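Below is one structure; the comments refer to it alone.
This structure is a prediction, so every number in the text was calculated from the model and none was measured. Just follow the structure's listing: the first ligand is 1, and inside any ligand the first atom is 1.
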Amino acid sequence: MYCFIVNKVSGNGRALKIWCKIEKKLQEKNVYYCVHFTQKPKHATLLVQELISKKKVTVIVAVGGDGTIHEVINGLVGTNIPLGVIPAGSGNDFSRGLGIPLKHDKALKRILSGKPKIIDIGFVNSTYFCTVAGIGFDGEVAHVTNASIYKKLLNLIRMGHISYIISAIKVLFQYKRTDISILIDKKLYKFQKVWLIAVANLPFYGGGLVICPKAKSNDGLFDICIVQGMSKWEFLSIFPLVFKGNHTSSPSIKIIKGKELEIYSPIPLMIHGDGEVIGQTPARIRIQPCALYVI
Ligand SMILES: Nc1ncnc2c1ncn2[C@@H]1O[C@H](COP(=O)(O)OP(=O)(O)OP(=O)(O)O)[C@@H](O)[C@H]1O
């Protein structure tokens, strides 16, 4: 049975509208399915755990944005049940990174007829993530964005991804860079005046920013982007380059590949996984190769 998990608030209500269209198609095609709506944050993880313990599930389909997918995979990793996605959020970076169609009818077609492929998953402290975990500046941006009113308003006109840019500019003026020690595959690196560390399983975050252009979800490695040293104005001037992934040649930006890392900072820094705030440093992050089937 295809089990759909719908987050009605994703994309500020867009997910519900999309679900109504999807349900019609499922009925037309006589597909055997069930649907569950999330009632609160983190509910999707519980729903997935309940479903796989009680029902004969063939595919779990998340109808929502990256936050919904994040919660679904936290119940799904470790099973052989594939994840399907109907993108209905404001960012949809997971779908973008894996080439899942952003149009719901094409995404459904792929789920009903496609072959599952296996991808790596990241694990930070006690939480799985599938796109990027960010520490520092972008952790703070995720925190501010998810609490903002403008994200909701921009979602109304399908411009939700712009909300991350507004938050980034807001956080920029108050953010204090920090010295950081990182252990990557047992090798110690020390970086001064760090803005952010992005640990990427897929290239995109923040609604289409190409933070680690070469990140691949099936190579057993993270691409780790460390932005350090630059002034606020340099940081601001390099920002537009991230839309095309052209920032990586800057001498203040390092990209290192690795499987396992530990991050230590003198003050606690915000961590996000897939845009959801999941704690503060210190952070232990590792890749779990071939951990999730995606259809
Ligand atoms: N019934 C609910 N009421 C309020 N919040 C919910 C509910 N169900 C889930 N959530 C929360 O909604 C949040 C946003 O979901 P999601 O990320 O899918 O949408 P989005 O923010 O529009 O998209 P994106 O992450 O792609 O930008 C998640 O943090 C999730 O915990």
Side-chain angles (χ1 to χ4, degrees), residues 3-19 22 35-51 60-76 83-104 107 124 127-134 138-168 198 200-211 243 270-279 294:
C3 294
F4 289 79
I5 310 270
V6 182
N7 178 354
K8 291 192 215 176
V9 305
S10 293
N12 207 37
R14 204 160 75 87
L16 184 59
K17 287 185 193 143
I18 287 178
W19 166 248
I22 293 285
V35 58
H36 294 267
F37 297 95
T38 59
Q39 303 299 331
K40 57 189 177 199
K42 299 211 164 70
H43 190 201
T45 307
L46 294 177
L47 283 173
V48 172
Q49 287 163 344
E50 271 173 33
L51 278 169
I60 297 265
V61 184
V63 183
D66 294 313
T68 308
I69 297 168
H70 173 84
E71 293 180 0
V72 166
I73 66 150
N74 271 282
L76 201 55
L83 167 76
V85 175
I86 304 284
S90 31
N92 302 316
D93 289 315
F94 180 79
S95 302
R96 215 185 296 267
L98 287 180
I100 293 170
L102 296 180
K103 293 214 160 118
H104 58 83
V124 50
T127 310
Y128 292 108
F129 65 96
C130 48
T131 57
V132 179
D138 47 342
E140 202 59 48
V141 171
H143 179 61
V144 171
T145 307
N146 291 345
S148 71
I149 290 183
Y150 49 81
K151 182 176 180 183
K152 295 186 179 80
L153 295 175
L154 285 163
N155 270 336
L156 286 176
I157 50 165
R158 299 201 178 176
M159 301 288 277
H161 57 287
I162 307 280
S163 59
Y164 292 97
I165 299 165
I166 298 173
S167 305
N201 186 41
L202 283 167
F204 303 101
Y205 77 168
L209 295 175
V210 200
I211 188 69
F243 286 100
M270 280 292 186
I271 309 171
H272 77 85
D274 305 318
E276 299 295 299
V277 176
I278 51 182
V294 180

Worksheet item: Which is it for Ile211 and Phe204 under the side chain to side chain contact (heavy atoms under 4.5 Å, CB included) test, yes or no, and what are the steps along the way?
Response: CA-CA 6 Å; Ile211 188 69; Phe204 303 101; over 6 Å; no

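To the nearest 0.5 Å, atom OG of residue Ser90 and atom CG of residue Asp66 are 8.0 Å apart. The OG1 atom of Thr131 sits 3.5 Å away from atom CG of Asp274, with the distance rounded to the nearest 0.5 Å. Rounding to the nearest 0.5 Å gives a distance of 7.0 Å between CG of Asn92 and CD1 of Ile69. The CD1 atom of Ile60 sits 6.0 Å away from atom CG of Leu76, with the distance rounded to the nearest 0.5 Å. One distance of note links OG of Ser163 with CG of Asn146; it measures 8.5 Å at 0.5 Å rounding.
Residue contact annotation: His43 has no non-hydrogen atom under 4.0 Å from ligand 1. Within the 4.0 Å heavy-atom cutoff, Phe37 does not count among the residues contacting ligand 1. For Gly11, the closest heavy-atom approach to ligand 1 falls below 4.0 Å.
Counting heavy-atom neighbours within 6.0 Å of His36 NE2, excluding the residue itself, gives a total above 12.
Residue-level proximity to ligand 1 for Glu276 is carried by the side chain, the only part with a heavy atom below 4.0 angstrom. Of all the heavy atoms of Val9, the ones lying under 4.0 Å from any atom of ligand 1 belong exclusively to the side chain. Heavy atoms of Phe94 found under 4.0 angstrom from ligand 1: none, in either backbone or side chain. Residue Lys40 touches ligand 1 through its backbone alone, judged by heavy-atom distances below 4.0 Å.
Between Thr38 and Asn7, the shortest heavy-atom distance links the atoms OG1-CA, 3.4 Å. The minimum heavy-atom distance linking Ala200 with Val132 is given by the pair CB-CG2, 3.9 Å.
Here atom 23 (O) of ligand 1 lies nearest to Ser90 when heavy atoms of Pro41, Ser90, Pro87 are compared.
Within ligand 1, counting atoms from 1 as listed, the ones closer than 4.0 Å to a heavy atom of Asp66 are 17 (O), 24 (P), 25 (O), 26 (O). Proximity to Thr38 (heavy-atom distance under 4.0 Å) selects the following atoms of ligand 1: 1 (N), 7 (C), 8 (N), 9 (C). Residue-ligand proximity, Gln39 to ligand 1, at heavy-atom distances under 4.0 Å covers atoms 1 (N), 2 (C). Applying the 4.0 Å criterion to heavy atoms of Asn92 picks out, from ligand 1, the atoms 26 (O). The atoms of ligand 1 that sit less than 4.0 Å from any heavy atom of Glu71 are 30 (C), 31 (O). Residue Ser10 has at least one heavy-atom neighbour below 4.0 Å for each of these atoms of ligand 1: 15 (O), 16 (P), 18 (O), 19 (O), 22 (O). Those atoms of ligand 1 with a heavy atom of Gly89 less than 4.0 angstrom away are 22 (O), 23 (O), 26 (O). Per-residue contacts place Thr68 under 4.0 angstrom from the following atoms of ligand 1 (heavy atoms of the residue considered): 15 (O), 16 (P), 17 (O), 18 (O).
Inclusion of Gly67 in the set of residues having an N or O under 3.5 Å from an N or O of ligand 1 is warranted. Any N or O atom pair closer than 3.5 Å counts here, and Asp274 shares no such pair with ligand 1. At under 3.5 Å, not a single nitrogen or oxygen of Gly64, backbone or side chain, sits near a nitrogen or oxygen of ligand 1. Ligand 1 has a nitrogen or oxygen under 3.5 angstrom from a nitrogen or oxygen of Gly91.
Between Val294 and Phe94 there is a side-chain heavy-atom pair separated by less than 4.5 Å.
Although no hydrogens or angles enter the test, the distance criterion places a donor-acceptor pair under 3.5 Å between the side chain of Asp93 and the main chain of Gly206.
Classified by interplanar angle (parallel below 30°, tilted 30° to 60°, perpendicular above 60°), the ring pair Trp19/Phe4 is tilted.
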